4 protein chains.
Amino acid sequence: MSKENATEDNSRRMELVRAAARLFRDQGYERTTVRDLGNAVGLQSGSLFYHFRTKEEILVAVMALGITATTEQLAAALSRAKTPRDKLAALFHVHLHSLLGDNQAALEVMLYEWRSVSATAKPGLIVLRDRYEALWQETLDEAAAAGLVKPDTRLLRRTLLGSLHWTVQWYHGNGELSVAELADRMLELTLIA
Amino acid sequence: MSKENATEDNSRRMELVRAAARLFRDQGYERTTVRDLGNAVGLQSGSLFYHFRTKEEILVAVMALGITATTEQLAAALSRAKTPRDKLAALFHVHLHSLLGDNQAALEVMLYEWRSVSATAKPGLIVLRDRYEALWQETLDEAAAAGLVKPDTRLLRRTLLGSLHWTVQWYHGNGELSVAELADRMLELTLIA
Amino acid sequence: MSKENATEDNSRRMELVRAAARLFRDQGYERTTVRDLGNAVGLQSGSLFYHFRTKEEILVAVMALGITATTEQLAAALSRAKTPRDKLAALFHVHLHSLLGDNQAALEVMLYEWRSVSATAKPGLIVLRDRYEALWQETLDEAAAAGLVKPDTRLLRRTLLGSLHWTVQWYHGNGELSVAELADRMLELTLIA
Amino acid sequence: MSKENATEDNSRRMELVRAAARLFRDQGYERTTVRDLGNAVGLQSGSLFYHFRTKEEILVAVMALGITATTEQLAAALSRAKTPRDKLAALFHVHLHSLLGDNQAALEVMLYEWRSVSATAKPGLIVLRDRYEALWQETLDEAAAAGLVKPDTRLLRRTLLGSLHWTVQWYHGNGELSVAELADRMLELTLIA
DNA sequence: TATGAATGAGTCTTCATTCAT
DNA sequence: GATGAATGAAGACTCATTCAT
C-alpha cells in the first residue's frame, strides 16, 4: 500500500525493477551500470535516483520481487492441491517455473547476487526467504508423514532447493525437456521407492 | 612440470593463487582489488602483473586449481574404494571436503564466479569440469546397476551436484554436524529404500 | 549543426579541443595526461569522459578541427583571389598562417601526432586531408598552365607541403621575418625564373 | 675511441641501437617499451641498463647514429663529385637514401622524436645536425654562385630539407619510382629554368 | 654481464552519485 | 520528476628502473 512498496503501484518503479532483474541476471549486478539500467527504461542515469536512493536498493527490490512473487505462487498452488503428493509436486513445479520460465529473472538474481547485498538489507530479505522455505518445510513434513519421502526433511529441504537452484546452470529449454517434465522427473527422483 | 602449469612449482604463483582463492570466495571476484591480492602476499599491486597478465588470469588459475585438485582427490578415493557403495560414498565425501574443508576456497570460486570468466577462458575450464563430472557419471552408473540409486543417472548427477554445491550457503561447521556426517546423511537421502 | 560535429556548438567540447590542441603541440600527445587536459579547462580528469569517450577521440577532434578550419580558410581565400598568381600565393599564406599563427596549434598536431591515431580513425581524417590537398592540386595545375611553376605538379605539391610543414621546426616569429613575408619568399623560390 | 662512443665497438650496443632505430620509427619512442627493446636483441629488459643508463640514452644514440652516418656519407659523396651540379645532386641522393633506404630508420627517428629528447641531450645532437647542414649550406652556396639555384640559399636549405624529410610520409617504394629517380626529380624542381 | 623479481609512481578509464536548472 | 553535466574516488594495468643473486 505504501509508496515504498516495490511490488505494486508506481509503474515506473516496477518497470525498472523488471528491467533490472533481467540485466542483473544476464550481466551480473556489479557489471551492470546505472547507465545500463537507465537505458533499459529510457531514463538518464541521474534520474534513477528519484526512484531509488542507491543502486543496491534496486537490487534489493529485485530480490524481494523474486521471492515474494514465488511465495505467492506457491501458496496459491498449495491451496489448490488436494493430496500430499500433489502438494509435493507443486513445490517442484512452482520453483522451476519461477526460475526457468520466461522473464523470471528476479529469483535467479536472489540466488547469485546475495553477496552484493549489504548487511543492513539482508535481514529483511531473509524474512521473505524464510517465509518461502516455511511453506516447503510444512509440505515436506506432510509428505514424510504420508511416507512419500524420507523423514530427514530439514536436510531434504536444503538438498532439494540446492538441486532446483542448480538447474539454471544447465537447463536451457532447447526442446528436449519442458520445465514441467523436468519438475516431474526431479520429483520422481525424490520419492521413496 | 611445465612453466604454464599453475597448479605446481613456482611458489610465488601458487601462494598468490591460494590467497586469491580465499579473497575471491570471501569478497567476490569483482570486489577484490588487485591491491587486496598484492597485500595478501606482500607485493605491490603492480608486481602481480609480473606473474599474471590480468586479474582474470588469476581467477582462471584459482578455478583450475579448485577443480583439478578435487578431481585428483576423487580419483584417488575411487581407486581405494572396493564396492559400488564405497565409491558412491566417496563422491559425497570428497566433494564436501573440498568445498567445505579448511582453506578449500578454490572450488567454491569456480561455482560462484563463473560469470566473470571470459568466453575465451571458459572452454579450458569446461574440459576440466567435464573430467570431474565423468568420474561422477561412471560411479553413479555403477551404483544404479547395483540397485543402489535410481536409474535416471544423468539427472541424478546434476541433482546431486546441485545439492552439494548449495551446502556452502547454509553449512557452517558449528559443531552440530561434521562434514563427514553431512556427507553420510546426504548419501542416505540418495539411496533407494 | 549535428551533435557529433566537434567543430561547432557545444562550447565545452570546443573549449577542450582548443586547449588540447595547445597541450598536444607543446608536450606531445603521449606526454599529455588527461589530468593536464582537465586542468586546462577546470575539470576533473574523469569528467572529460562525459564529453569524449577516449583520449584518442580528443586527438582526432583536434586534428579534424585543424584541417577543416584550414581548408575553409583556403577555400575562402581562393574564391577571393583573381589571378592564378594570386591563388598560388594564397596557398602559402593560408598554410603558414594556420601553422604558425597565434593559437593555431591544431594543424601542427595533425602533422606530428599522426602515429598516435588508431587505424580506425585514420580514414576519416584522410578524407579531410585529401579535400585540402585537392584545393592545392587544382591551384597548382592552374599555375602550371599559366607558366608560373614547373609542370610536375603532383610532386611539386608534396614538395611544397613538406617545405611548409617543416617551418614549425625552425620559424619562431622573433621579429626578423613576419609570417606573410616568409610566405612571399617561399613563393618566390617556387616561381619559375 | 672511448667506451661511450655509440658508433663503434661494443657490438651489443650497436645491435641494440639498430634494433631501437627500427622500433622507434615503427611504433614511436613513447610506445616502444624497454621490454620491446630487450626482446628485439634477446635480452631481459633489466639487462639493457648495463648498456645504457636510461631509455632516453638509447634514443640519443639512435639519433646520433642517424645523423653522423648520413653526414659521413654526404661528405664522401661530395668529395667524389666534380661539378657544383654533381654536388647538388649528391645532397638529394644521399639524403633520400638515408631516409628511405633499407633499414635506415635512424635518421627518421631524429626527425620525428625530437620532442622526446631532454633539454640536456639536445645541444650535443644539435652540434651534429649543424655539421650536416653546414655541408648543405656550402654546397648550395656554390650552386647559387654557379647560377644553378636561386640565391636565397638559407631559406632554400630549409625549404629543401623540409621537402626531403616529408617524403617519408608519402613515399613507399612500390615500384613506380626508385629512390634515385625521386632524387633526380626533386633536384629538377629545384633547378632554375 | 645477465636474470628474474619487484617497485612505485603514473596512466586512462569507470561509475555511483549529486545537483543546479 | 527529469536532465545534463560534473564529481571524485577507485579500478586495472603499464613501465622505466633497481637490485640481489
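Keep in mind that what you see is a predicted model, and the values were worked out from it rather than measured. In what follows, chains carry the letters A, B, and so on, assigned in the order in which the sequence lines appear, proteins first and then strands, with residues in each chain numbered from 1.
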> Toward the 5' end of DNA chain F, which comes first, C/Tyr50 or B/Glu56, by nearest nucleotide?
Replying inline: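 Of the two residues, C/Tyr50 wins.
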> If you pin B/Arg35 and C/Ser47 to their nearest nucleotides in DNA chain F, which one's is more 5'?
Replying inline: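 Going by which nucleotide is closer to the 5' end, it is C/Ser47.
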Between [X] ([atom1]) and [N] ([atom2]), how many Å, whole number?
X	N	atom1	atom2	value
C/Phe52	F/dA5	CZ	C1'	14 Å
C/Lys55	E/dG10	NZ	P	15 Å
A/Asp36	E/dT17	CG	C1'	16 Å
D/Leu43	E/dA2	CG	P	6 Å
B/Leu23	F/dG11	CG	P	13 Å
C/Gln27	E/dT11	CD	P	11 Å
A/Arg12	F/dT3	CZ	P	8 Å
C/Glu57	E/dC12	CD	C1'	14 Å

Taking only the side-chain nitrogens and oxygens of [X], find out if one of them lies under 4.0 Å from OP1 or OP2 of [N].
X	N	result
C/His51	F/dG4	no
B/Arg53	F/dT14	no
A/Arg31	E/dT14	no
C/Gln44	F/dA6	no

>> Tell me whether the rings of B/Tyr112 and A/Tyr112 are parallel (<30°), tilted (30 to 60°) or perpendicular (>60°).
In response: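 Ring orientation, 0 to 90° scale: tilted.
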> Any chance CZ of C/Arg53 has more than 12 other-residue heavy atoms, nucleotides or ligands included, within less than 6.0 Å?
Replying inline: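 For C/Arg53, atom CZ is not crowded (no more than 12 foreign heavy atoms under 6.0 Å).
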>> Strictly below 4.0 Å, N to O, side chains only: are C/Glu30 and D/Arg115 in salt-bridge contact?
In response: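 No, C/Glu30 and D/Arg115 are not salt-bridged.
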> Hey, does B/Leu48 reach any base, or is it just sugar-phosphate, or nothing, if we go heavy atoms under 4.0 Å?
Replying inline: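 Nothing: the residue B/Leu48, judged by heavy atoms under 4.0 Å, touches no strand.
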> Which base, if any, makes a Watson-Crick or G-U wobble pair with E/dT21, both distances under 3.5 Å?
Replying inline: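 Because both required distances fall under 3.5 Å, E/dT21 counts as paired with F/dA2.
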> So what's F/dT7 paired with, Watson-Crick or G-U wobble, going by both distances under 3.5 Å?
Replying inline: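 Paired with E/dA16.
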> Taking for each residue the nucleotide of DNA chain E with the nearest heavy atom, is it D/Gly42 or B/Ser45 whose nucleotide lies nearer the 5' end?
Replying inline: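 Closest to the 5' end, via its nearest nucleotide, is D/Gly42.
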> Mapping A/Thr54 and D/Gly46 onto DNA chain E by nearest heavy atom, which one lands closer to the 5' end?
Replying inline: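 Nearer the 5' end of the strand: D/Gly46.
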>> Let's see if you can work this out: which of F/dA12, E/dC15, E/dT17 has an atom nearest to the side-chain heavy atoms of A/Thr33?
In response: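 So the nucleotide nearest the side chain must be E/dC15.
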> Are any of the side-chain heavy atoms of C/Met63 and C/Ile67 separated by less than 4.5 Å?
Replying inline: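 No; the side chains remain at least 4.5 Å from each other.
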>> Looking at every non-hydrogen atom in both residues, tell me the closest pair between A/Leu48 and A/Gly38 and how far apart they are.
In response: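 Taking every non-hydrogen atom into account, CD1-N, 3.9 Å.
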